Amino acid sequence: MNDPTHLAHGLAGDNTPPDWLPLRADEVEAVLRDYPAIGDPARIAWHSPRPLSAACLVESPRGTCFVKRHHQRVRGVETLGEEHRFIAHLRERGTPIPEVLRHAGGGTFTARGEWVYEVHRCAAGIDLYRETISWEPLSNRQHALVAGQMLASLHEAAADYRAAQRSTHILVARSELICAVDPVATLAAQLPQRPALAAYLRNRHWQDELGDLLAPWHAAVQPGLARQPPLWTHGDWHVSNLYWSDDGVGARISDVLDFGLCARNFALFDLATAIERNAIAWLELDRRNDVAHPDIARALIDGYHRQRPLSRDDRQLLASLLPLVHVDFALSEVEYFQGITQSPANADVAWDTFLRGHAAWFHTPPGQALLQLIRDLD
């Protein structure tokens with residue numbers, strides 16, 4: 001499936017051959033022929049370096065659109081529809097998100113063989129952080145403040161959205177395990193429906209490894225988590241998923257992108273994810289422990305608080321949640337790499353470096369200092 005002419009962001013912050021072949025011009029033309037809002041595409045202007053799907057910007061006489069292709073085993077018609085319905089709800093309530101376009105039959109996705117395609121209008125503004133890799137920390141405190149405020153606005157728009165949980169675990173940011181009274185037993189009960197994850201864990205002492213990872217944090221968050229109102233969340237609040245009005249310090253967010261990880265969780269889950277994505281230089285962890293950007297974490301929280309006030313209890317829970325917020329998604333990556341791309345080495349990175357390594361960092365002095373800063377915010 002690899003194409004040496006196009007590189008994707010790798011797990012180590014490098015550029016690697018992609019798991020999925022880039023979209024071809026003839027392939028895109030065949031899909032867009034059924035989208036009356038587009039017209040005849042002129043050319044593919046850019047291929048996304050994001051590794052978990054194939055996507056591109058396509059120029060046409062009626063403007064530029066964004067085309068994304070998924071394998072049916074990653075996003076089928078049902079699971080992609082879950083994302084599109086959430087996007088539609090948020091757009092109706094004023095959240096700036098590019099429109100998901102409909103084909104001539106009225107649907108928002110096109111299934112062709114083993115592939116599913118979605119087409120969006122091009123986002124407004126500039127893709128200021130296009131080349132920024134996920135987990136690469138944000139250096140602009142003012143942009144972090146604006147990002148925190150926009151996340152709170154999105155949560156306000158999502159407050160009355162009612163839908164069941166996502167129908168997949170694959171590459172979705174869920175929180176069932178960290179909210180479970182017994183996460184190890186909960187995962188064991190899921191494994192018959194998650195055969196790829198079960199296959200990966202079969203030869204590991206995973207119950208002990210997961211239990212050791214959870215033990216220092218899990219009990220402390222349970223009372224607070226039980227009181228959290230359910231809320232559909234973005235799940236991947238990183239600046240690379242935001243478009244901006246300009247490149248200045250005072251730029252505003254003009255559009256919000258990429259709801260592929262969205263799911264039914266709770267508000268502090270999304271805020272903790274935003275801190276985990278934007279305020280910790282995880283890719284530097286093999287060289288140094290001092291990878292936290294506390295000024296960015298504080299700005300995200302301050303911006304959120306301006307729009308949607310946080311109580312002292314909220315801040316305490318946020319700090320206790322941060323070492324665990326990645327758990328369910330890390331396991332979904334293990335499942336994806338083991339069962340879909342069949343890359344045991346990447347599955348090992350997801351288990352050892354992401355799942356276990358990120359949690360372990362919070363025991364270090366810089367990790368403890370970041371948690372204490374969050375607890376002490378007033």
Side-chain angles (χ1 to χ4, degrees), residues 1-35 38 40-60 64-81 83-84 98 100-101 103 107-123 127 130-134 168-172 196 200 236 238 240-241 257-261 329 332-350:
M1 289 187 292
N2 292 334
D3 177 0
T5 66
H6 171 64
L7 297 178
H9 292 164
L11 295 180
D14 52 352
N15 290 318
T16 63
D19 290 326
W20 306 107
L21 282 172
L23 287 153
R24 306 182 316 274
D26 62 329
E27 177 186 15
V28 169
E29 288 178 4
V31 171
L32 293 181
R33 204 170 289 134
D34 201 30
Y35 284 77
I38 300 301
D40 294 328
R43 69 182 185 95
I44 294 177
W46 172 77
H47 287 281
S48 171
R50 304 295 166 181
L52 304 179
S53 61
C56 65
L57 288 174
V58 180
E59 294 179 344
S60 82
T64 302
C65 66
F66 180 74
V67 181
K68 194 171 186 178
R69 182 190 68 207
H70 309 269
H71 194 275
Q72 290 260 18
R73 294 180 65 196
V74 181
R75 286 291 179 270
V77 168
E78 179 182 2
T79 51
L80 197 56
E83 298 170 22
H84 292 175
V100 183
L101 297 178
H103 55 65
T108 59
F109 42 75
T110 297
R112 289 173 176 257
E114 61 185 330
W115 307 109
V116 180
Y117 301 82
E118 55 181 322
V119 182
H120 302 245
R121 290 201 185 276
C122 186
D127 197 354
R130 171 183 283 184
E131 302 304 323
T132 303
I133 297 172
S134 295
T168 182
H169 288 276
I170 297 291
L171 301 181
V172 169
Y200 180 84
D236 191 14
H238 185 256
S240 60
N241 286 327
L257 311 177
D258 198 352
F259 284 77
L261 274 60
F329 183 66
S332 83
E333 283 205 336
V334 173
E335 188 173 6
Y336 168 80
F337 289 126
Q338 176 72 19
I340 295 177
T341 65
Q342 298 178 359
S343 173
N346 284 345
D348 287 343
V349 171

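Note: hydrogens, waters and symmetry copies are ignored here, and every other heavy atom, side chains too, is used. Being a predicted model, the structure only gives us computed values, none of them experimental.
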What is the distance from atom [atom1] of [X] to atom [atom2] of [Y], rounded to the nearest 0.5 Å?
{"X": "L23", "Y": "E29", "atom1": "CG", "atom2": "CD", "answer": "12.0 Å"}
{"X": "D236", "Y": "F259", "atom1": "CG", "atom2": "CZ", "answer": "10.5 Å"}
{"X": "K68", "Y": "E118", "atom1": "NZ", "atom2": "CD", "answer": "5.5 Å"}
{"X": "E59", "Y": "C122", "atom1": "CD", "atom2": "SG", "answer": "9.5 Å"}
{"X": "I170", "Y": "T79", "atom1": "CD1", "atom2": "OG1", "answer": "10.0 Å"}
{"X": "N241", "Y": "L261", "atom1": "CG", "atom2": "CG", "answer": "9.0 Å"}

Q. Is any NZ, NE, NH1 or NH2 atom of the basic residue among E83 and R75 found under 4.0 Å from an Asp or Glu carboxylate oxygen of the other?
A.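 A salt bridge links E83 with R75.
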Q: Answer yes if the side chains of T110 and H103 hold a donor-acceptor pair under 3.5 Å, and no otherwise.
A: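 No - no donor-acceptor pair under 3.5 Å links their side chains.
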Q. For H169 and E335, does a side-chain donor sit closer than 3.5 Å to a side-chain acceptor?
A.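 The criterion, which ignores hydrogens and geometry beyond distance, is not satisfied for E335 and H169.
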(Q) Name the residue from H70, H71, Q72 that meets the side chain to side chain donor-acceptor pair (under 3.5 Å) definition with E114. (A)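 With E114 as partner, side chain to side chain donor-acceptor pair (under 3.5 Å) holds for just one option, H71.
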Please report the shortest heavy-atom distance between [X] and [Y], naming the atom on each side.
{"X": "S240", "Y": "T132", "value": "CB-O, 3.7 Å"}
{"X": "A111", "Y": "V77", "value": "CB-CG2, 4.1 Å"}
{"X": "P22", "Y": "R69", "value": "O-NH1, 4.1 Å"}
{"X": "E333", "Y": "A350", "value": "CB-CB, 4.0 Å"}

A side-chain contact here means heavy atoms from C-beta on lying under 4.5 Å apart; do [X] and [Y] qualify?
{"X": "T341", "Y": "W20", "result": "yes"}
{"X": "L52", "Y": "Y336", "result": "yes"}
{"X": "V74", "Y": "S53", "result": "no"}

**Q.** Polar side-chain atom of R73 near backbone of G339 as donor-acceptor pair, under 3.5 Å
**A.**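 Such a contact is found between R73 side chain and G339 backbone.
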Q. Does S60 use its side chain to pair, donor to acceptor, with the backbone of I38 at less than 3.5 Å?
A.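 Such a contact is found between S60 side chain and I38 backbone.
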Q: List the steps and the verdict of side-chain contact (heavy atoms from CB on, under 4.5 Å) for V172 and S332.
A: CA-CA 7 Å; V172 169; S332 83; 5.9 Å; no
**Q.** Enclosure of D26 CG (heavy-atom neighbours >12, cutoff 6.0 Å)
**A.**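 Count over threshold, so yes.
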